[in-house]
Every structure is written in C-alpha cells, then in structure tokens.
Amino acid sequence: MNTIVQKTILALGLAVSSGLISCQKDSAITPDQPHSSAKQAATDDLIVVNVAKKYTLTKQGKAVLTYYPDGRLQKVTQGAEFHRDYTYNGNTIQAISYRNGKMAFKDTYQIDPNTGRVTESVQVDYLVLPTPFNIDVSGNRTRTWVYAYNAKGQLTSCGEKYKSQNRTEYGYNAQGNLNLVSTYWENLNQGKPWYTISLGYLENKGRQSQNPGQINVIEYVADKYPTNFNWILLPTPYDSIDYYAQAIPERYLKIYGKMSPNLLASANWHVDGMGYHGSNFTYSLNADGYVTERKRFDDQYPQLLETETYDYNVSYLGVQ
C-alpha cells in the first residue's frame, strides 16, 4: 500500500467515529479553532476526507429525548414528573403527556403525506393540570385545531376548528425567521390580538465586520438544529398551563413546516392591558456550529433566569 493511500486511510479513520457530544462552553459565534500544528499536519501530511455528520438531539436542559430504531422520536422525559410518549400509524402521530403518572393531555396529529406538515390536530385535556379553560369544568375537554401554511411552507395560522375567533397567526421577516406571533381569543379584544410576541434573531457581528463595504446587510447566526416554538419555556405542558386560544405546542416533532433558520436572540410579550415582559438569549456553540448551551436573561433586569445544556448523538453519513 503506497504512502498516499495509507495517509488517506489514516485521515478517514480519525474522522470516522461516533458518540455522544458533551456540552462544552465554546464561543457563542466562533467555533473552536484547531491548533496550528494540526492545521500544518492536515496541509502537509494528509489528504483530508470530509465526512458528513448527522446530529440528533438527545438532551435539552431537563428534557431527555429517545428515539425508535428508525430515528423517529419515541419519548421526551423531563425529570421524574413529566414524560411524553409518541406513536405513529400511517399519516397519524399520537403524543400523550403524563404528569406524575397521570395522563394529562393527548394530541393526535393528522400529517399531510406529501409535505410532512400537520393539517389538523385533536387535543384532549384530561384536567390533570389547572388551565384557564378547565376550572370548574367536569369531564374531559376536547379541542380540534386546523393549520394553514403559505407558499413557502411556513406556518401562518393555528386556529380552533369550531371557534375561528380562537387562533394564533404567525408572521415572518425577509430572512424567513418567525418574528411576530399574534393570538386572538373570543372573549377579549374583538378583532384585535389579545397578546403578541415579537421575536428577534442573533446577528453575526463577526461576519458583518468582514464585509464593511456592504451597507445595510445583516447576517445572522444559523440555527443548525431548530426546534418548534423555542421561546416557550419547558417543560410542556407547564405546571400551570396558559394556552389561551392555541394548542399546547409540540416542541420536537418537525411537523409545522419550514422553521426559522437562525438562532433566537429575544422574545418580547405584550399582553393587552397587562403590560410587557421579555427574555434575551445567548449561546455557546461547538466547532460544528451546534448549540451546546443556551442562557435566558430577563430583558429588564440583569438577571440570569435559566441555563440549558444540549447533548447530541453524532453519526457519520455514508459510513457503514
């Protein structure tokens, strides 16, 4: 075997390994840089073979995600109190949430086989948790939701099927990021949103400084592993649910169409007649640009509210 081939095999052998990527506190935007000696070795001595990696989220904060052998989500566990189980049957996904061993919610999602998007869902509230709707209500509460999308495949609305006044609408900016959430409720503010959420995204200051001649060009940090409704606090459902005029969100199933491509930087709530509050987010990234840690701060006070670490399982595509 000649020297070139040996060196190629060596490079590939070093790259082909898989396992759990532990969370490290890396730079928020700039990934770790290899040592200069490693760079020199790659340039002078090795033919570098790039192997595509596949990241699968296994932990986010207290949430632990497990999967079926085919890669579909099987279960989300958050501490001893909460877990959510997923089963699949044709174009239907059923997700059941348990709190302290009792069934709290059951969601049944109807999926469009051509797009993979949810078109309708039925949510049963078993009244295990207090909500604005089930206080003094006997029996279970069932609500049916319908979803609409634009030509780009982005979710534009989620509304109660039999009460169209109860709905949430979603707006996007030019980069394709969700930037406005408007929720309407039948009992309040006829014709106007009861509350809105404005969302901002993390700008890549380093990349912008490298292009000083491009005026008014804003670049953003990519979200390599986006999740749904990532401004909502976990666990879901909460200890006390506030799911006014919208379905309790599903965080991890990729069923809501095209998601925001960039990392969330801020989420600001404005509730009509009740004022404003918000959160800001910072991140640590690994060398591949995946989030390993997210911190949430109160936007009015210099106070750290939450720190979430992320773990992934990494596999290498095309390697048997």
Is the backbone N or O of [Y] less than 3.5 Å from a side-chain atom of [X], with the two atoms forming a donor-acceptor pair by type?
{"X": "Lys59", "Y": "Gly61", "value": "yes"}
{"X": "Thr144", "Y": "Val122", "value": "no"}
{"X": "Tyr67", "Y": "Leu57", "value": "yes"}
{"X": "Asn89", "Y": "Thr92", "value": "no"}
{"X": "Tyr147", "Y": "Thr156", "value": "no"}
{"X": "Asn228", "Y": "Leu253", "value": "yes"}
{"X": "Lys254", "Y": "Pro226", "value": "yes"}

About how many Å separate [atom2] of [Y] and [atom1] of [X], when rounded to the nearest 0.5 Å?
{"X": "Ile96", "Y": "Tyr86", "atom1": "CD1", "atom2": "OH", "value": "11.5 Å"}
{"X": "Arg72", "Y": "Thr87", "atom1": "CZ", "atom2": "OG1", "value": "9.5 Å"}
{"X": "Tyr290", "Y": "Tyr283", "atom1": "OH", "atom2": "OH", "value": "15.5 Å"}
{"X": "Met259", "Y": "Tyr225", "atom1": "CE", "atom2": "OH", "value": "9.0 Å"}
{"X": "Arg143", "Y": "Tyr162", "atom1": "CZ", "atom2": "OH", "value": "13.5 Å"}
{"X": "Ser279", "Y": "Asp298", "atom1": "OG", "atom2": "CG", "value": "6.5 Å"}

- Query: Ring centroid separation for Tyr256 and Tyr149, is it under 6.0 angstrom?
  - Reply: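 No, too far apart.
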Between [X] and [Y], a side-chain donor and acceptor under 3.5 Å:
{"X": "Thr168", "Y": "Thr183", "value": "yes"}
{"X": "Gln60", "Y": "Tyr252", "value": "yes"}
{"X": "Ser157", "Y": "Arg167", "value": "no"}
{"X": "Asn262", "Y": "Asn177", "value": "yes"}
{"X": "Asn166", "Y": "Glu160", "value": "yes"}
{"X": "Asp288", "Y": "Tyr55", "value": "yes"}
{"X": "Ser182", "Y": "Tyr170", "value": "no"}
{"X": "Thr307", "Y": "Glu293", "value": "no"}
{"X": "Asp107", "Y": "Gln123", "value": "yes"}

- Answer yes if Leu263 and Ile218 sit in the same cluster of Ile, Leu, Val, Met, Phe, Trp and Tyr residues linked by side chain heavy atoms under 4.5 Å apart, and no otherwise. yes
- If you draw a 6.0 Å radius around NZ in Lys102, do more than 12 non-hydrogen atoms from other residues or ligands fall strictly inside? no
- Task: Please work out which of the three classes, parallel, tilted or perpendicular, describes the rings of His83 and Tyr98, given edges at 30° and 60°.
- Result: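 Answer is parallel, since the angle falls under 30°.
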- Query: Among Lys62, Arg296, Lys295, which residue meets the salt bridge (Lys or Arg N to Asp or Glu O under 4.0 Å) test with Glu306?
  - Reply: Arg296
- Message: Set out, in order, the CA-CA distance, both residues' side-chain angles and the distance that settles side-chain contact (heavy atoms from CB on, under 4.5 Å) for Leu155 and Val118, then state yes or no.
- Response: CA-CA 10 Å; Leu155 180 66; Val118 58; over 6 Å; no
- Message: Could you walk me through whether Thr77 and Phe82 satisfy the side-chain contact (heavy atoms from CB on, under 4.5 Å) test, starting with their C-alpha distance in whole Å, then the side-chain angles of each, then the deciding distance to 0.1 Å, before giving a yes or no?
- Response: CA-CA 6 Å; Thr77 303; Phe82 172 78; over 6 Å; no
